[in-house]
Novice: 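Pasting in a structure now, in structure tokens, and then I'll have a few things to ask.
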Amino acid sequence: MNIASVIVDVPAKQTDKTFDYKIPEKYKDVIKPGTRVIVPFGPRKIQGFVRDLKGESSFSKLRAIIEPLDLTPVLNEELLQLGDWLTEHTLSYKISSYQAMLPAALKAKYEKKIVLAKGTEITDLSGNLIELFRENREIKWEDAVTKGLVQQLQKEAASGRVDVVYQVKDRVRKKLLKHVSPAIDPDQLKETRDKLPPQASGQQSVLDFFLEHPDPVEQRLILSTLGISQGSIQSLVKKGILKIEELEVYRDPYSEREFERKFALDLTNEQEKAISPILSAIEKDLHEVFLLYGVTGSGKTEIYLQSIQEVLRKGKEAIVLVPEISLTPQMVTRFKERFGDLVAVMHSGLSAGEKYDEWRKIQRKEVKVVVGARSAIFAPFENIGIIIIDEEHETSYKQEENPRYHARDVAIQRAKTYACPVVLGSATPSLESFARAQKERYTLLSLPKRMNNQALPTVEIVDMREELRTGNRSMFSVKLFEKIKDRLEKKEQTVLFLNKRGHSSFVMCRDCGYVMNCPHCDITLTYHRYNEQMKCHYCGYEDRVPTICPECNSEHIRYFGTGTQKVEEELLKLIPEARIIRMDVDTTGRKGSHEKLLTAFQEGQADILLGTQMIAKGLDFPNITLVGVLSADTMLNLPDFRSSEKTFQLLTQVSGRAGRHKLPGEVVIQTYTPEHYSVELAGTQDYDRFYQQEMLIRKVHQYPPFYYLSLVTVSHEELMKVVSVTEKIAKFISSRLTNEAVVLGPVASPIPRINDRYRYQCLIKYKKEPELKNALKTILDHYQQETGTGALQISVDLNPYILM
DNA sequence: AGCACGCCGACT
DNA sequence: GTCGGCGTGCTC
């Protein structure tokens, strides 16, 4: 077994296979499947993952692994196989799958540089290089390129005076901190302590401290707690009594927070009924998928917590997925309060280093529970007892780049391997999941009532067209405005929700209707206030904000579609005494500001919380008795077959923020389309009827859950090329599928051009097409050369969530 | 993905 | 005759 087959870090069709390398004798014990290694690949050095060990290779002239990057494999056998499964299910490269399963910190960084060759003097080089190498022992390749030195250096390299060096580096280092500990045994320590002169009080207290706690302590901690100077420690080190060493520490994003330890709450009868099948699956080590369908405020979290408790009792581990967790600090708190240090948290708000450290806690089995966003599904546990996906309908569980996986599918796959239950929780389940529950592929568990029998909030739908007709041109209906004022008087809190389309505002000319578009993409530019620039969200193009219209020279060019800020201004004009907290991308940009704003609101420092999507979830404050949705229908008009579903879900979620505790809640939904069933049924909070209605439509239009979807997107700089390739692809796919499948296209993508590349797509709707995956693979193979050069791009998304 | 090798046009 | 364009194919 002295040969390793390695998946190399080159995401391309031709390299999507293993390469064999000899294992040097000295690394024989370290290199195992799942270890990251540095290998020579052509002229360069790159990172790779050991996939297997073997005794012989069909290849005769093997090169040797340069060095391992890990002492313990970063992927265990289960995760390696999961990676292969991912590759197969998303038609992506193996290397991309492996990398997706690990924190970004473990992805290699490459550096190419020029150094002086051995035995060469700087003065041997030609003129201008001498200067450069005097200043720096080496030149980075990029610098050589920008300074136009490439040719010259290549010549020098050819005559052997300089060498090109390739380096592989880790992205993030382990954090090391100075730790102090005794260098001698306790008896000697005591002796030294007693011999110290009385004026050496600092040294005395240090030694007293170590007599009590002999373990290594962070230097800065001991300095601050004992109130001594570094000198005291230094002199003890010099005498050989203490020693200082650099020890690895975890970056702990929650180190400054204290979590009060809390214990299980009593369950209601309904909760008891819902949890018992889960507990029994845990008990019997059975794989089963549960759909926990519970209205907002029905106590789903407590069910998660108690199920996990049972899993921990059995000595197993738990994964909890929540949508973009930085948005729900309340959730983290509840888990930390219940399980303390056994919880790792993984979300996008953490730095790369923090994520890496949380990951290592999992890998080393120092924690038993991980709470995190999508990628936490790959937590390297080895004895999983339950996987929970909260807000299961959230589309953020689908990754929109390769590998395009859905966390729910990965969860079920892993749960099968570990023979453990999966719990999908939601107040508004996705149609896919609810349909599966109806077909009894999932076990349905319902919590139809709120805790403590608290009533669901009463919802009123206000027709904004009517308001306009009666002369109210503001963005608040009379009803909503009256209620806001009423809450202010009663000292109760209001949440105002603005369902903005897209991110932020765009610029439009009031005279001629000119809208600023990206010159490279068919998309409007968005206005960014922080740098007063117009920016394209697809290609990064930036432009200044125009003061006069480029089309008609009018000065009436204004920001439109503006959100929270405008609402805030208007509200303050109407009710100057209102204290408002605004939450949007602008006010929550900085790390931790999200949490600060929420805490301020919770402590009653404001009457009104005004925000976008980010306030729809997880808010659970007792004093909120009014929720206002300013315009319910902005999302309805999107070209997406899920827009009704999304609207219903969002409205129901937001409404659920009101009246969760003792005080009853009220909701006002303002809309221009009150007759639309998703608005109307969100008003009566009738999921079941919404489900029936939407299923009818999905059936007629042949959409999920009745049909599966796959989307092929083709892009190229030339329109003709895109159209012809997409046409060929569509034809080819049709020819390989049964008559039951529907192939739509080629049609222009909803965003027809991004970054000067035209985009066409082809949508496949099907029920059962075992040949489809092979057909798609054939296409990717067939266009291999062309896609390799980047001129033509073909992306395949099995079960897309965004059809763009 | 890089990088080398290799085969054609425009320059000293 | 040579420099350099980027098409083609390989990397254990």
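In this text the structure is predicted, and so the values were computed from the model without any measurement. Note on naming: letters A, B, ... go to the chains in the order of the sequence lines (proteins, then strands), and numbering restarts at 1 for each one.
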Novice: Would you indicate which nucleotide in B/dC3, C/dC10, C/dC12 comes nearest to any side-chain atom of A/Lys112?
Specialist: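 Nearest listed nucleotide: B/dC3.
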
Novice: Grab the OH-P distance between A/Tyr93 and B/dA1 for me, whole Å please.
Specialist: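 It is 7 Å, rounded to the nearest whole Å.
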
Novice: Would you say A/Val714 and A/Leu792 make side-chain contact, with heavy atoms under 4.5 Å?
Specialist: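 The answer is yes; the side chains approach within 4.5 Å.
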
Novice: Without decimals, in angstroms, what is the distance between A/Tyr110 OH and B/dC3 P?
Specialist: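 Taking OH of A/Tyr110 and P of B/dC3, I get 12 Å after rounding.
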
Novice: Could you check whether A/Phe41 gets within reach of a base, just the sugar-phosphate, or nothing at all, counting any heavy atom under 4.0 Å?
Specialist: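 Base contact.
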
Novice: What's the CG-C1' distance between A/Asn2 and C/dC12, to the nearest Å?
Specialist: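 Rounding to the nearest Å, CG of A/Asn2 and C1' of C/dC12 are 14 Å apart.
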
Novice: Salt-bridged, A/Glu317 to A/Lys365, with N to O below 4.0 Å?
Specialist: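 No, no charged N to carboxylate O under 4.0 Å.
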
Novice: Students often get this wrong, so: under 4.0 angstrom with heavy atoms, is A/Ser60 touching a base, only sugar-phosphate, or nothing?
Specialist: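 The residue A/Ser60 makes no contact with any strand.
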
Novice: Distance check needed: B/dG2 P versus A/Gln14 CD, whole Å only.
Specialist: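 The answer, rounded to whole Å, is 13 Å.
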
Novice: Please indicate yes or no: is the ring centre of A/Phe59 less than 5.5 Å from the centre of the six-membered base ring of C/dC12, with the two planes inclined by under 30 degrees?
Specialist: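 By the stated criterion, A/Phe59 and C/dC12 stack.
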
Novice: Tell me the interatomic distance from A/Lys54, atom NZ, to C/dC12, atom P, rounded to whole angstroms.
Specialist: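 Atom NZ in A/Lys54 sits about 14 Å away from atom P in C/dC12.
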
Novice: Below the 4.0 Å mark, does B/dC3 have OP1 or OP2 next to a side-chain nitrogen or oxygen of A/Tyr166?
Specialist: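 True: A/Tyr166 side-chain N/O within range (under 4.0 Å) of B/dC3 OP1/OP2.
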
Novice: Could you state the atom-to-atom distance from NZ of A/Lys13 to C1' of B/dA1 in whole Å?
Specialist: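 These atoms are roughly 15 Å apart.
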
Novice: Please confirm whether A/His406 and A/Tyr801 have ring centers closer than 6.0 angstrom.
Specialist: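 Here the rings of A/Tyr801 and A/His406 have centres that are less than 6.0 Å from each other.
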
Novice: Step through it carefully: locate the ring centre of A/Tyr93, locate the ring centre of A/Tyr98, and say whether they are under 6.0 Å apart.
Specialist: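 Between A/Tyr93 and A/Tyr98, the centre distance exceeds or equals 6.0 Å.
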
Novice: Can you check the A/Lys45 NZ to B/dC3 P distance for me, whole Å?
Specialist: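 About 14 Å, once rounded to whole Å.
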
Novice: Within the 4.0 Å heavy-atom criterion, would you say A/Arg63 contacts the bases, only the backbone, or no part of the nucleic acid?
Specialist: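 Sugar-phosphate, no base atom in range.
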
Novice: Does either side chain, that of A/Ser92 or that of A/Thr87, offer a donor lying less than 3.5 Å from an acceptor on the other one?
Specialist: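 The answer is no; no qualifying pair exists.
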
Novice: Output the rounded distance in Å from NZ (A/Lys113) to C1' (B/dG2).
Specialist: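 Answer to the nearest Å: 19 Å.
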
Novice: Describe the nucleic acid contact of A/Lys61 in one word from base, sugar-phosphate, nothing, applying a heavy-atom distance below 4.0 Å.
Specialist: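 It contacts sugar-phosphate atoms only.
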
Novice: Under 4.0 Å from OP1 or OP2 of C/dT11: is there any side-chain N or O of A/Lys17 that close?
Specialist: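 Checking A/Lys17 against C/dT11: no side-chain N or O falls below 4.0 Å of OP1 or OP2.
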
